[in-house]
J.: 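After the structure tokens below, expect a handful of questions from me.
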Amino acid sequence: MTNTTTPRPGRRSLTGAPLKVMLRRMSSLHLTAVSQFERAADLLGISDAHRAILSVPENEVIVNFPVTMDDGRVEMFRGYRVQHNNTLGPFKGGMRFSPAVDIDEVRALATWMTFKTALAGLPFGGAKGGISIDPKAYSPSELERIVRRFTFALGANIGPDHDIPAPDMGTNAQTMVWMMDTYAQMGSIADRHTVRRVVTGKTIAAGGSAGRDKATGQGLTFALGAWANRQGIDLDDKRVALQGFGNVGEHGARTLVKAGLKLVAVADHTGALHNANGIDPEMLWRYKSTDGAGGIAGAPEAEAIDLEDFWRVDCDVLVPAAIENQITAERAADITASVIVEGANGPTMTGAEPILADRGVTVIPDVLANAGGVTVSYFEWLQNRAGDVWTLADVDARLRRVMTDATLQIMSTAETYRCSLRDAAYVTALERLTTVLNQRGMFP
Ligand code: GLU
């Protein structure tokens with residue numbers, strides 16, 4: 001007789017203990033993402049089946065493809081697209097080009113996208129992809145061939161209503177236009193324009209949205225503003241220390257300064273700067289794109305400081321907007337800010353969280369703080385679908401509303417569950433996801 005409750009010997013079940021064993025074998029970043037939603041799953045008491053479904057991605061596509069280099073050599077590349085979950089809508093998320101890209105990192109980033117889109121109330125699921133390369137090591141024409149061949153290799157695994165890539169670290173609007181053009185060439189000639197929304201984050205000329213470029217930075221400023229307003233905190237002249245001066249950092253700096261805050265320290269891969277009287281983001285951006293040759297080290301009007309001292313700088317707001325695992329337990333003990341706004345994905349290590357909590361530091365979590373990018377991606381997708389063009393003022397007003405609603409929602413959930421804003425963000429997203437999972441039921 002078959003026992004229906006105990007898995008038969010030799011069978012692998014994704015619920016219960018075997019899943020935990022499987023995850024323990026995975027390296028840390030995906031495990032971090034899973035443990036974050038597991039805490040919220042405990043608070044909500046969600047079923048083992050739903051935990052199992054959300055603990056692993058739905059699909060993992062790995063493509064190996066050849067590209068001819070400028071000198072005639074052929075180099076092989078490995079590209080990834082991990083589709084975590086599409087319960088709420090088409091898979092959505094960026095394409096990252098960085099030497100650190102591997103299947104574990106992409107899995108974690110795809111998982112975070114599912115929670116990010118759910119929390120922002122967007123009709124999208126979560127995905128992420130990328131190639132393990134340093135884009136700076138290739139010429140523009142080599143990069144174009146890499147992007148086009150990657151898009152070709154992915155084929156029908158992406159699609160305007162199926163899985164919609166966007167920029168992320170190491171990619172930009174030009175990358176997206178090459179992807180869009182390649183995808184369009186692969187389909188019917190009559191669909192050239194209807195398939196434009198296969199990617200978002202395009203140049204405005206090629207179908208992008210006003211405000212998409214600054215969306216992630218602008219979104220984090222709106223989230224901080226909504227949080228401070230609800231707490232009765234005046235942000236005027238509050239001192240900001242910012243790590244990372246890529247797309248998120250640059251626009252985070254510009255929008256925070258515009259909102260009245262003072263940028264007192266900036267760090268990137270080339271060095272760290274400090275000026276208690278304030279650093280002008282416009283000057284820094286100009287320096288980085290000219291004399292600084294891609295980095296902030298050596299910029300005028302600020303004193304160079306040790307990279308490690310950056311974490312000890314006197315400030316009120318800390319914005320990690322670079323890469324994962326930057327706020328270690330050691331650094332957490334030295335941070336002077338009272339609020340951390342996570343512009344990057346996964347910048348705070350699990351071991352640092354209790355230290356920050358004990359020290360009374362509020363963390364506005366990544367899945368909320370950097371959701372502005374994917375939110376304006378959704379606006380771009382809607383505009384492409386409708387053949388419409390929205391003004392920057394319209395995009396900004398709608399983005400402000402999404403970020404404010406999501407921030408207030410997780411603040412009230414945090415009060416209800418007496419938990420951190422991170423746990424509250426996952427609770428809010430999980431409630432939305434499990435409601436639909438329950439209503440749709442299990443197939444077959
Ligand atoms: N790469 C961004 C993120 O991590 C944007 C994703 C998108 O616009 O789809 O949220």
Side-chain angles (χ1 to χ4, degrees), residues 29 33 80-86 88-98 100-101 105-131 135 158-173 175-177 179-180 197-203 207-209 211-220 223 244 246-252 320-324 341-347 365-384 395 398-399 402-403 406 425 429:
L29 204 60
Y80 303 87
R81 188 68 179 169
V82 171
Q83 298 168 331
H84 178 259
N85 190 275
N86 64 351
L88 300 181
F91 298 109
K92 184 82 189 85
M95 286 293 196
R96 176 174 288 202
F97 289 2
S98 130
V101 165
E105 185 187 63
V106 183
R107 269 182 195 139
L109 292 164
T111 307
W112 281 321
M113 285 309 301
T114 298
F115 291 96
K116 201 185 294 187
T117 53
L119 176 62
L122 310 177
F124 282 144
K128 202 78 164 210
I131 310 178
I158 60 169
D161 295 298
H162 169 51
D163 182 355
I164 304 134
D168 197 82
M169 194 186 297
T171 59
N172 55 29
T175 320
M176 293 305 116
V177 177
M179 287 196 97
M180 174 195 74
R197 66 179 193 279
V198 66
V199 291
T200 57
K202 301 180 288 288
T203 60
S209 175
R212 176 61 186 84
D213 209 26
K214 68 166 178 138
T216 312
Q218 180 69 77
L220 74 83
N247 173 278
V248 183
E250 178 210 330
H251 291 290
I323 51 171
E324 304 98 38
V341 192
E342 294 185 332
N345 291 304
D366 48 7
V367 284
L368 169 71
N370 68 37
V374 72
T375 300
V376 178
S377 273
Y378 171 56
F379 298 161
E380 178 175 333
W381 187 76
L382 284 180
Q383 290 170 73
N384 288 168
V395 168
R398 290 177 196 239
L399 176 62
V402 170
M403 297 307 297

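Here the structure is a predicted model, which is why all the values come from computation and not from measurement. Every number for a ligand or one of its atoms is a count from 1 in the order of the listing.
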J.: Once the angle between the rings of F115 and H84 is folded into 0 to 90°, is it parallel (under 30°), tilted (30 to 60°) or perpendicular (over 60°)?
T.: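 Ring orientation, 0 to 90° scale: tilted.
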J.: Can you name the salt bridge (charged side-chain N to carboxylate O under 4.0 Å, His left out) partners of D168, sequence neighbours left out?
T.: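 Salt bridge (charged side-chain N to carboxylate O under 4.0 Å, His left out) check on D168 returns R96, K128.
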J.: So, do H162 and F91 have ring centers that fall under 6.0 Å from each other?
T.: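 Yes; F91 has its ring centre under 6.0 Å from that of H162.
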J.: Taking atom types as modelled and ignoring hydrogens, do the side chains of K92 and N86 form a donor-acceptor contact shorter than 3.5 angstrom?
T.: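 Note: K92 and N86 side chains miss the donor-acceptor criterion.
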J.: Should M113 and V374 be marked as a side chain to side chain contact (heavy atoms under 4.5 Å, CB included) after you check the CA-CA gap, both sets of side-chain angles, and the distance that decides it?
T.: CA-CA 9 Å; M113 285 309 301; V374 72; 3.8 Å; yes
J.: What are the distances between nitrogen or oxygen atoms of ligand 1 and protein nitrogen or oxygen atoms, counting only those under 3.5 Å?
T.:
residue: ligand 1; atom: 1 (N); partner: P167; partner atom: O; Å: 2.9
residue: ligand 1; atom: 1 (N); partner: D168; partner atom: OD1; Å: 2.7
residue: ligand 1; atom: 4 (O); partner: K116; partner atom: NZ; Å: 3.1
residue: ligand 1; atom: 4 (O); partner: K128; partner atom: NZ; Å: 2.8
residue: ligand 1; atom: 4 (O); partner: D168; partner atom: OD1; Å: 3.4
residue: ligand 1; atom: 8 (O); partner: R212; partner atom: NH2; Å: 3.1
residue: ligand 1; atom: 8 (O); partner: S377; partner atom: OG; Å: 2.6
residue: ligand 1; atom: 9 (O); partner: K92; partner atom: NZ; Å: 2.7
residue: ligand 1; atom: 10 (O); partner: K116; partner atom: NZ; Å: 2.7

J.: Is it true that E380 and R197 make a salt bridge, defined as a side-chain N closer than 4.0 Å to a carboxylate O?
T.: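 So E380 does not pair with R197 through a salt bridge.
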